[in-house]
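Residue numbers begin at 1 in each chain, while the letters A, B, ... track the order of the sequences. Quantities reported herein were computed from a predicted structural model and do not represent experimental measurements. The figures that follow rest on heavy atoms only: side chains count, while hydrogens, waters and symmetry mates do not.
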Protein chains: 2
Amino acid sequence: MNPDISKIAALLSDSTRSTILLSLMDGSIHPVTELAHMAKVKPQTASFHLHKMLEVNLVRVEKHGRHRYYKLISSEVAKIIESMLVIAPEPTVNSLRDSREKSAIHFARTCYDHLAGYIGVQITNSLIQKGIITKENLNFEVTPKGLHFFENLGINVEEQQKKRRAFARCCLDWSERQHHLAGALGNALLERMLELKWITRMPKTRAIQVTSTGRTQLEKVFGWDTGTGPLSQKST
Amino acid sequence: MNPDISKIAALLSDSTRSTILLSLMDGSIHPVTELAHMAKVKPQTASFHLHKMLEVNLVRVEKHGRHRYYKLISSEVAKIIESMLVIAPEPTVNSLRDSREKSAIHFARTCYDHLAGYIGVQITNSLIQKGIITKENLNFEVTPKGLHFFENLGINVEEQQKKRRAFARCCLDWSERQHHLAGALGNALLERMLELKWITRMPKTRAIQVTSTGRTQLEKVFGWDTGTGPLSQKST
DNA sequence: TTCATATTTCGATGATAGTAGAACTATTAA
DNA sequence: TTAATAGTTCTACTATCATCGAAATATGAA
């Protein structure tokens, strides 16, 4: 007499649906055709899957004109996916295109609504090393020194603490096998970096690109070199 | 080019396998026949499923004589199941037996290696109210006063903090829709309560029974009445 | 050695579920 | 109004997979 996990798991067990869900892990809205393209299926098929996920409340729709935009319904759903990524096997790389995309995603990507990948982990580690945040069990705490740091960056820490969600949690990065910053603070940092144009979203993927301004600023602020982009990174 | 979540999810998507996994959520070892009985399938079928879960590293086996004892391979796997329980629909109750078991499980049960259900949440809330622990984002911290409390109970807090796992995290209780104490401290508390015979494991389920000693002690220590057991609890 | 118990392997069966073609609805542009 | 685009519904077709009987293996008991 337990809740029925299998109903939920069945929805993630199909590779088309899991591809769609991982695309939605960027936290934003996506039209059906785009999701169909990502999963390499016809629009009918994507529609069929999205309908199933709507019924069990994994995703939500917004109608705008003739488009229907889908998104993840909650961070609870994102957490399920996140926890599976920790132990999921890495995919086989079949083409040069696959290999490039893999490098890009390992280098920097969004994980639901915060930054992940090599860059995400590096930033998190730098924040710890510089005494801006401290890691307590599976959460982060902002030091007094850290309050100034975020203030200068244009992020109001208190505002993030008031939000009805985890303030600064650890999220296990599947590519780096280390923790990166998540929660309200992680989200605020991503948003601010996008706003400052240090990073930009790459179309059709969850991959993130570091701009030339970004490279300069990251080096200045954190004192390390990000390299020239995903292709210059050694694959691990 | 993401890790393949669907492979993992496919293993949880079958109701027989999910029943087996939920049985293993008590963190201990179980022989094949017992798991087959819980899932209401023949031993061959259970064996077939366990073999699949072995291959993908969800479970581990220990051979003792002619028995093969299975258990969850890691707390990472437990975390996946835990995160799904949060949004999984409640099962339909078909018989009086089901209804009784449901009450028992809602009243008190193990969740991987700590206490959950009405009793688990009540204990957690009492610990907070009495200033023994405090809730910081999604973790708990032990107050100086709390150190004495756990000392008196026979739990060495420092020893738990040294362990290579989350010390005292929040775990969302699916039946109570509130947090209860998990992590090393949650585990230590469960073990100590079993040792003191305040509670006992009920055979064939994850349900936990509060002994008469337990009722007296819980009332004394926390100042609330646990009732006479699951059957005296109002179902919510 | 012989019998009983625990578990796995093999093979056959039956049910479930993903896929895309065709047709249909809804919205936008010309 | 007509044409084009976005998305859904319906209907087969196909493939995958859980289930269990039967038989095999392995351990323990008598």
Counting only side-chain heavy atoms from C-beta out, which of [options] sits nearest to [X]?
X       : options                : answer
A:Arg68 : D:dT19, D:dT8, C:dT19  : D:dT8
B:Phe48 : D:dT8, C:dT8, D:dT19   : D:dT19
A:Val41 : C:dT19, C:dT7, D:dT9   : C:dT19
B:Gln44 : D:dT8, D:dA18, C:dT8   : C:dT8
A:Thr45 : C:dA20, C:dG18, D:dG21 : C:dA20

Figure out the [atom1]/[atom2] separation between [X] and [N], and round it to whole Å.
X       : N      : atom1 : atom2 : value
A:Glu34 : D:dA6  : CD    : P     : 12 Å
A:His51 : C:dA20 : NE2   : P     : 19 Å
B:Leu11 : D:dC17 : CG    : P     : 10 Å
A:Lys40 : C:dA20 : NZ    : C1'   : 18 Å
B:Asp14 : D:dT16 : CG    : P     : 17 Å
A:His64 : C:dA26 : NE2   : P     : 19 Å

Check whether the side chains of A:His180 and A:Asp173 place a donor and an acceptor atom closer than 3.5 Å, and report yes or no.
->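 Side chains of A:His180 and A:Asp173: pair found under 3.5 Å.
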Would you find a donor on one side and an acceptor on the other, under 3.5 Å apart, between the side chain of A:Ser23 and the backbone of A:Thr19?
->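 Between the backbone of A:Thr19 and the side chain of A:Ser23 there is a qualifying donor-acceptor contact (under 3.5 Å).
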Listed once per pair and sorted, the side-chain hydrogen bond (donor to acceptor under 3.5 Å, both in side chains) pairs that draw on residues 48-73 of chain A, sequence neighbours left out =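 Counting only pairs at least two positions apart or across chains, the side-chain hydrogen bond (donor to acceptor under 3.5 Å, both in side chains) contacts touching residues 48-73 of chain A are A:Arg17-A:His49.
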So what is the end-to-end bend of the helix from C:dT1-D:dA30 to C:dA30-D:dT1, with 5 pairs used at each end and the value given to 10 degrees?
->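 End axes: 20° apart.
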Taking 4.0 angstrom as the limit, do B:Arg169 and B:Glu82 come out as a salt bridge?
->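 Salt bridge: yes.
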Which part of the nucleic acid, if any, lies within contact of A:Tyr69, taking any heavy atom under 4.0 Å across all strands shown: a base, the sugar-phosphate backbone alone, or nothing?
->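 Nothing, no nucleic acid heavy atom in range.
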Is a donor-acceptor pair below 3.5 Å formed from side chain B:Arg66 to base C:dT7, judging by atom type as modelled?
->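 Per atom types, no contact qualifies.
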Taking all non-hydrogen atoms of both residues, which atom of A:Leu190 and which atom of A:Asp113 are closest, and how far apart?
->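 Smallest interatomic distance, heavy atoms only, reads CD2-O, 3.4 Å.
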